[in-house]
Each structure stands twice: as structure tokens, then as C-alpha cells.
Amino acid sequence: MRFSQLLLPTLKETPAEAEVVSHKLMLRAGFIRKLASGIYCYLPLGLKSIRKVEQIVQEEMNNAGAQELLLPMVQPADLWQESGRWKKYGPELLRFTDRHQRESCLGPTHEEVITDLVRKNIHSYRSLPLNLYQIQTKFRDEIRPRFGLMRGREFIMKDGYSFDASQKGAEATYDKMNHAYHRIFKRCGLRFRAVEADSGTIGGSFSHEFMVLADTGEDTVVICKQCSYAANMEKARAMETTAPQDVKELPLAKVETPGKRKVQAVCEFLDISPKNLVKTLIYVADGKPVAVLLRGDHAVQEVKLQNLLGANEVRLADDKETFDFTGTPTGYLGPVGLPLKIVADREVTKMTNFTVGANEKNHHLINVNIGRDFTPAQTADLRMVNEEDRCPLCGGQLELTRGIEVGHIFKLGTTYSEALKATFLDERGKETPFVMGCYGIGVSRAVAAAIEQNHDEDGIIFPLPIAPFQVMLLNLSTKDAEITAAAETLYEELKNLGIEVLLDDRDERPGIKFKDADLIGIPFRVMVGNSLTKEGKIEIKERAGGLTTAVSFGETAERLKQMIESAMTNCQI
RNA sequence: CGGGGCGUAGCGCAGUCUGGUUAGCGCGCCUGCCUUGGGAGCAGGAGGUCGGAGGUUCGAAUCCUCUCGCCCCGACCA
């Protein structure tokens, strides 16, 4: 492709609308343009990168035994009513009425449609397992779209759905998808982790999120430095500490702690460690109060609490509610004699002779012990993991880092097949619901995530497998016949070698071409300029790392081919 | 939906508080000269219903009312 003919409107300055780096760079590099909030035009370069991701996804999905199809974007309301999600989904589902007053919606996801398709066409266990996917533009009317392609309303997604005859089969499919996803993101050249995630409302005991690691990521992920353990904060566990043995229980005592409400203040005043204090937090779970006990240096993980209580909503009570529920101002609450349901983080059960609030203003209790002084109704892992914790699998050091969710795989079970009465006949002729799984990849988001992960102050640094072009060839002097002839020859040679090359043939000064090349971030930059006329050399500069190699004109194309092949092998499985 | 901010040329902005020539500046764009290894220089030029509607006024980018759109924080979320 020739730059002079390409729709590639690079910008020297960042449009005010962009906040995050991928959004800024995609606008400046001429990849995208906004049409409306959360809705973008993909320009040729942006689309090329998206297509690269799509192709990798297709290859790996096909290899894993999945089949590609394409489902409608407009979906009838009655299917959604049948699954019950017409009511449940909320305003994120964009609904509208057609000219015949039929209610419809724009598909944010396709469980209903695919299940309907399968129930109408698959009737026997002999046809299973079946794994279907599509790559399509999705629409979700997000409350607040932001960050460019990272959280748009319209976005490109690969969504896949599997149908198995049994739980066991579904698990095998899940494992296959897990494996395929690892291959996909590896082949995209991304640094990522598959993390254990809470499966949320969709069901199933767990799911895996595929997180592209980037400091600017929206989500926090916990990874083990020694082994493969990784989880998001909602799910992350830590190795249980062991309770000290043979500690003699000391007599309970009340002490005065005037004005000391915060953990730190109480600990300083009493000269104890927060690790020896238990804090009591009042939560409201579906309208009912519950007291949550945690070690002084720990924090609540509300999703864990929600799961334990089986609640739809949990939130911290405010000071007034807390006082109404307990009759004690916040800061002096404790479990001893508290007339509320008490749940304790399991680390609390490892403690002895600890300090708590006395349920009386300006007083705390010391030498409190579980069993003797109070008994929690339930005990579970309820807290946020932190960097002091050890890996639950290997005891290694845990690290908290940031990530961008680009893929998520779920076990759906029979939720949808039952709701939509999608069944098949098993070996014994018994009508059985399909056991389903669903597997998403945010394709457009993956490109944005790649940029969040790989950039510098000059622009994008694309991983080779998803770069819009592999080589950017700069003709540094279009007025010089020798240089231009050499650039044109090289351009043809590279194309003939099957290398994807963008020739900057614009009548611009070298500085402009260098700046644009850095901005766009194509991995290999080839410069045809003075060094050719003076020394007969062509320079190859790698965008990542900036290493520049001078080679003779004749060997340039072949050399590039080698460099590309070698770089690609780093992204192979 | 709550809180905050913005809307003036393709992009970035000034001008608005305190109404008053022909609405400016930088970048980009067009023409010519010149220059050609990190966003050059000179000269000339095109481009604006100041987001929209209504109002106040002799006079509105500027004041008032309504409205549309965009961005950020929060609630929410594969």
C-alpha cells in the first residue's frame, strides 16, 4: 500500500475527547474516528489490525473444532421473553419497535438466538458436541461508554457457544476453549494471564478471564510470581495462615479508648498491631444488616460476601444506619454481644486474644477469643488478597497487577437450554437439555489493549502478528531519482516476498515521515535515503527497542524476511 | 441517573466574566519559492450560520431561557 493513496489521517495533536493512551494513539495514528459516543468508524489501518486478530481467532477456533457462522444482529423480543432476559437485561439492551409494531432488540450477545437455532436443528446426541462461533458487531447501550475502543457501545466481538451431551463433555469443551484462547492471545503477541474469575450471574462455579497485562488496565489481577496461579480480585484466594499453637487465652477486659475510632488510631493507642485487631463492619445485604469481621489490616471483598450470603446486593452501611442497627457509633463496634448476624473472614478464626470494639463509645475489648466470647454464624474467605499474601497453590509471592479483560469463557450449564426447552435425545432415548458453554473475545478491545500494553511517548509499538503492516518503507527523498527508484524496487520485492509493506511515498520531509512511522508503530521501518547514495546502505529500524541495522540494498528484502520470520516464531505456540 | 467540565475553521486553543469595527492565534490544508535524516523557512491564499432554537438589546460568540451533543468522576458492566 502507498501512504499517498491511503486514508491515513495522522494528527499532530491529540483530540480533546481522548483520555487513555490507546484512544489517543488510535485517533492520532488515523485508526479510528468517532461518530457518536461509544461508536467509531474503523479506518483502513485500524481495520487491518482488527482483521489480523480476527484471522488468528478464526484459525484457532477452527482448529479447536468450532465452526463459524453469522447470526442476526436484530433479534425478536419473544426469544428474549422466552429466556426471561427481556425483563432482566435492563437498559443496556437497546430495544426498538419495527413498522409492524414488533418489538426487537440489537443483539448484545447471542445465547437466545444460537440456542433457538440449535434446538430447531439438532435432535440427537449423535450430533454432539457442537461448537459454534461468530465474529460480529455487538451493541450494548453502556451507561457510560469511555476510553475509545476499550468500552464502546458498538464493538467487534467473537462469541462462541458450545453444546454438549453431558457435563463431562462440556468440561472437555471448556478445556479445549481454554487452550485455544491461550494460543490465540499468544499468537497475537500479547502478554496476558488467564485468571480465575467469579462467574457472576451467568452461573457455574468459576470462569476464566483472559487479561492483557497493562498498567493502565481497569481491573486488578493477582498473579503468583512462582507458579501459574492467577485470579481477579473477586475470586483471588490466599494461602491460609496457620493459627499459632498453645496460646493461652487471657481474660477478657474492657479498656478505654477515648476518641480512637480508626484501626490505626486504636492500634497506636493500645500499642498493638492491626494484625491483632478485629474490625467489625456493618453491611446491608438485600436490606438486612450483617456484621462482617475482618483482621485489622484486611479489606472486604464484597463479591465474596455477596456470594456467601446469597444476596443480590451488598453495600456498606453508612454511619447513621450502623448506629440504627447497633446503637453504637462506628469505630467502637465489636462482635461480643452484638445482636446481629455475624460472619467472619476465616483469618479471624486464626487469631487469639485480639482486640475489638466494645459496642460502647470510647471503649474496646482486649483479649477476645472466638468460641469463648462470641461465635460467628458463618466463616469464609471474605477478604481482598493483598501483596503480603502467599499463593494458595504453591505458597509463592503474590503480585497485584493491572489487566484489561479481552476474553472470558464460561460454563453455562443448562440455564439457557432449559429456559428455551432446547433438548436432544440421548443414547437411551431420553430427552435431555444441552449442556452449554460460552466463550467471548473482545476483538476491537484486544487491539486497544495491545496498544495500552505496547507504546511509548512517540506512539504505538505493535506486536508483529497484529500490526496493520509488517514493514514501513520510507522513501526519504521523493525528488531524488536514485532513492525513489530504489524504494520502488524494494517495495515490489517485498510485496513479491509476501511481506505486508506500507510505502511512504509522500512528498514530505524526512522528519515528518519518521514521526508518522513512530506514531503508527509498524514493527520494521526501512529507510531509503542518503545512506543509500553515500554508502549504498539501507537502514532497518525496529520499532520496539530502536535497534537499527544497515544492510546493502541487494540483501534488504531477504534480510527483512528473515527478521519477520524470526520475530513471528516468538509468538508461535 | 448524581456530581463536575466543555462546545468558536480539519486538530489544539484565545476571546465570554465587563455586549460595540471585518471573530483571532498555532498546527494542518491550497499556490509559489526554498529546503530535504527527526514534525523547517519565506510569501500569498482558502476555510467559521461562534452546537441549535428562542429571548433581552440600537447592537450578542459574549447576557437570559430552553435544547442538543461531547468529555471526566460515581453508580453499572462481557
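Letters A, B, ... are given to chains in the order of the sequence lines, protein chains preceding strands, and every chain is numbered from 1.
On a pure distance criterion of 3.5 Å, a polar donor-acceptor pair joins the side chain of Glu539(A) and the base of G37(B). Judged by distance alone, with hydrogens and angles left aside, Ser37(A) brings no side-chain donor or acceptor close enough to the base of G69(B) to form a pair under 3.5 Å. A donor-acceptor contact under 3.5 Å links the side chain of Arg525(A) to the base of G38(B). For C77(B), the base has no donor-acceptor partner in the side chain of Arg144(A) [N/O atoms by modelled type, under 3.5 angstrom].
Here His182(A) and Phe192(A) bring their ring centres to under 6.0 angstrom of each other.
Picking from U36(B), C76(B), A78(B) the nucleotide with the shortest atom distance to the side chain of Ile143(A) gives C76(B).
Within 4.0 Å (heavy atoms only), Lys479(A) reaches at least one base atom of the nucleic acid. The residue Asp516(A) sits close to a base: some heavy atom pair falls under 4.0 Å. Residue contacts for Asp518(A): at a heavy-atom cut-off of 4.0 Å it reaches a base atom on one of the strands shown. Within the 4.0 angstrom heavy-atom criterion, no nucleotide atom of any strand lies near Gly407(A).
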Listed pairs, N/O of protein and of nucleotides 3-8 of chain B, under 3.5 Å:
none

field: side chain to side chain donor-acceptor pair (under 3.5 Å) assessment of Lys304(A) paired with Gln306(A)
entry: CA-CA 5 Å; Lys304(A) 290 180 180 176; Gln306(A) 191 172 340; over 6 Å; no
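Summarising the geometry, the separation between CD on Glu142(A) and P on C70(B) is reported as 15 Å, rounded to the nearest angstrom.
With Tyr174(A) as the aromatic partner, Lys411(A) meets the cation-pi criteria of under 6.0 angstrom to the ring centre and within 45 degrees of the ring axis. A cation-pi arrangement is absent between Arg95(A) and Trp80(A) under the rule of less than 6.0 angstrom and at most 45 degrees off the ring axis.
Taking the nucleotide of RNA chain B with the nearest heavy atom to each of Glu17(A) and Lys541(A), the more 5' of the two is matched to Lys541(A).
Between the P atoms of G51(B) and A23(B), the separation comes to 15 Å (whole Å).
Contact check of residues 455-473 of chain A against RNA chain B (heavy atom, cut-off under 4.0 Å) returns no residues at all.
The existence of a salt bridge linking Asp215(A) and Arg402(A) is excluded, since no basic side-chain nitrogen approaches an acidic carboxylate oxygen closer than 4.0 Å.
Relative ring orientation between His408(A) and Phe410(A) is described as parallel, the plane-to-plane angle staying below 30° on a 0-90° scale split at 30° and 60°.
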